[in-house]
Amino acid sequence: MPELLGRTELAEWPVEIAAQRLLASQLITPHGRFRLIELEAYGGSEDPGSHAFRGPTPRNLTMFGPAGHAYVYLSYGCHWMLNIAARPEQEGAAILVRALEPLESLQALRANRPKARNDFDLLSGPGKITQALEISREMDGLDLFDPDGEWRIEVAEEPSAFYRSRRVGLAVGKGDETLWRFISVGSERWASRPRPSSTATAERFSRVGRVRM
DNA sequence: CTCTAGATGTTCT
DNA sequence: GAACATCTAGAGC
C-alpha cells in the first residue's frame, strides 16, 4: 500500500521526512504547474536554523499554525520566501521551497524576471520563485492542501530518489551542518546553486534512495 | 568560472 | 547596532 503524504502526515512525520516525501509533488498555480524539486526542512526545538527556534513572532506565526498552509516571509528585506507549514499546530516547522521544475511553458514568467539569462534562471532559487510567480505576504496562511484551491499541492504518488546536503545560507553553528536540503535525482538542472551536477561541489552531496515512512 | 558589495524588513542584543 | 533561509551586477581570474 503506497503511503501518500497528506495534511495528517505533514503534521505527524518529522519535518525532514515530510520534505523528502514531498519531492516531485506538483505545485498548481495561476501561472502553471511546477514540480517541487528542491526543498529544505526547518523546525523543531533543536534546530537553530529555524525561525521557530525562538518561538512565535508576528512574522513566523503561520509556522505555528496548521500543517499544509503557506508560510511566506521577507528575507534580507528584499525577497519573499515560500514555505509549507509542517508539524502539529503550536510546534513550529516549515519546508522551504527552493527550486521548481516547470511542467509547461515558461514564456509567461519571463516578464516577471526580466534579468533571467535562460529558463534555468527563472525558478532556481527561493527568491526567484516568488518573483516569477508573484508571491508575497498576501499568500501567507493560504491552505495549499485544499483540493479546490487556486494554489495547491498535488502530492506525488511515488517518493522521489534524492540528493541531500547542508542547507544554504546558514551561519556556522546555526544549523549549517544539518543535512536537511533535498534535491530530486534527475532534476539537477533546475536546482539552485550549489547543484549536485557541478563537479566542483559534488562531494558535498550524498545520493539517497527513496524514503517512505 | 568565483568572489564581493549593496539593497533592506524583522528580530534580537 | 548587527544578523539574517537572497539576488544581482560588476570585478577579476
Side-chain angles (χ1 to χ4, degrees), chain A residues 14-16 18-20 22-23 27 36-65 69-87 91-100 109-141 163-183 188-205:
Chain A
V15 64
E16 73 276 20
Q20 294 165 12
L22 263 184
L23 286 171
L27 177 66
L36 303 172
I37 61 98
E38 178 178 338
L39 299 169
E40 281 179 355
Y42 289 91
S45 55
E46 295 169 18
D47 179 13
S50 170
H51 287 169
F53 187 61
R54 296 167 199 280
T57 67
R59 178 172 71 160
N60 70 13
L61 206 53
T62 50
M63 284 186 87
F64 294 86
H69 290 238
Y71 165 43
V72 181
Y73 75 90
L74 192 60
S75 176
Y76 289 89
C78 317
H79 303 286
W80 297 102
M81 304 282 115
L82 173 64
N83 301 253
I84 303 153
R87 303 297 296 159
E91 214 168 290
I95 297 165
L96 172 65
V97 181
R98 288 195 57 88
L100 299 173
L109 302 185
R110 294 207 180 94
N112 292 335
R113 282 193 45 76
K115 306 290 175 56
R117 295 172 152 271
N118 54 54
D119 283 355
F120 299 111
D121 201 26
L122 285 173
L123 299 164
S124 55
K128 297 177 185 179
I129 288 171
T130 57
Q131 281 175 25
L133 302 182
E134 302 177 287
I135 292 168
S136 72
R137 185 72 174 176
E138 299 166 17
M139 261 189 67
D140 186 61
Y163 300 92
R164 73 185 303 161
S165 79
R166 288 143 88 117
R167 295 174 293 185
V168 176
L170 296 191
V172 175
K174 302 277 185 67
D176 64 303
E177 298 194 356
T178 306
L179 302 177
W180 279 5
R181 179 186 182 215
F182 309 107
I183 298 172
E188 299 88 337
R189 286 297 313 266
W190 298 98
S192 71
R193 290 166 53 179
R195 285 183 257 275
S197 51
S198 162
T199 53
T201 59
E203 70 276 5
R204 298 183 199 169
F205 296 87

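Quick caveat, the model's predicted, so the values are computed rather than measured.
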So does [X] get a side-chain nitrogen or oxygen closer than 4.0 Å to the phosphate oxygens (OP1/OP2) of [N]?
X        : N      : answer
A:Arg98  : C:dT6  : yes
A:Arg167 : C:dT6  : no
A:Thr57  : B:dT11 : yes
A:His51  : B:dT11 : no
A:Lys115 : C:dC7  : no

Looking only at the side chain of [X] (C-beta and beyond, no hydrogens), which of the listed nucleotides [options] gets closest?
X       : options              : result
A:Cys78 : C:dA5, B:dT11, B:dT8 : B:dT8
A:Ser50 : B:dT13, C:dA5, C:dT8 : C:dA5
A:Arg59 : B:dT11, C:dA5, B:dT2 : B:dT11
A:Met63 : C:dT8, C:dT6, C:dA5  : C:dA5

Checklist entry - Do the side chain of A:Gln20 and the main chain of A:Phe182 share a donor and acceptor less than 3.5 angstrom apart? => result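 No.
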Checklist entry - Hey, does the side chain of A:Asp121 reach the backbone of A:Asn118 with a donor-acceptor pair shorter than 3.5 angstrom? => result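 A pair under 3.5 Å: no.
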Spacing of [X] atom [atom1] relative to [N] atom [atom2], expressed in whole Å:
X        : N      : atom1 : atom2 : value
A:Leu179 : C:dA5  : CG    : P     : 17 Å
A:Lys174 : C:dA2  : NZ    : C1'   : 10 Å
A:Asp140 : B:dT10 : CG    : P     : 12 Å
A:Arg54  : C:dC4  : CZ    : C1'   : 11 Å
A:Phe182 : C:dA5  : CZ    : C1'   : 14 Å
A:Phe53  : C:dC4  : CZ    : P     : 13 Å
A:Leu170 : C:dT6  : CG    : C1'   : 12 Å
A:Arg193 : C:dC7  : CZ    : P     : 11 Å

Checklist entry - Measuring from A:Arg195:CZ to A:Ile183:CD1, what's the distance to the nearest 0.5 Å? => result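 It is 9.0 Å, given to the nearest 0.5 Å.
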Within the 4.0 Å heavy-atom criterion, would you say [X] contacts the bases, only the backbone, or no part of the nucleic acid?
X        : value
A:Gly169 : sugar-phosphate
A:Leu74  : sugar-phosphate
A:Gly77  : base
A:Arg113 : sugar-phosphate

Item to check | Nearest-angstrom distance, P atom, B:dA5 to C:dA2 | outcome: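 My reading of the P atoms in B:dA5 and C:dA2 gives 16 Å.
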Next on the checklist: I'd like the P distance from C:dA5 over to B:dT13, given in whole Å.
Outcome noted: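 Those two atoms are separated by 14 Å.
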Checklist entry - So, do A:Tyr76 and B:dA7 meet the stacking rule of ring centres under 5.5 Å and planes under 30°? => result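 Stacking between A:Tyr76 and B:dA7: absent.
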Checklist entry - For A:Phe120, what residues pass the ring-ring contact (aromatic ring centres under 6.0 Å, His included) criterion, not counting sequence neighbours? => result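 With sequence neighbours excluded, A:Phe120 shows a ring-ring contact (aromatic ring centres under 6.0 Å, His included) to A:Trp190, given in chain and number order.
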Next on the checklist: Taking CZ in A:Arg137 as the centre, count heavy atoms belonging to other residues, nucleotides or ligands within less than 6.0 Å. Is the count above 12?
Outcome noted: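 Result for CZ/A:Arg137: enclosed.
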Checklist entry - What does B:dG9 pair with, Watson-Crick or G-U, if both distances are under 3.5 Å? => result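 Paired with B:dG9, as far as the under-3.5 Å criterion goes, is C:dC4.
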Checklist entry - Whom does C:dA11 pair with, Watson-Crick or G-U wobble, provided both distances fall under 3.5 Å? => result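 Checking every strand shown, C:dA11 finds its partner in B:dT2, with both distances under 3.5 Å.
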Next on the checklist: The test is side-chain hydrogen bond (donor to acceptor under 3.5 Å, both in side chains); show your working for A:Ser192 and A:Arg98 and say whether it passes.
Outcome noted: CA-CA 7 Å; A:Ser192 71; A:Arg98 288 195 57 88; 3.2 Å; yes
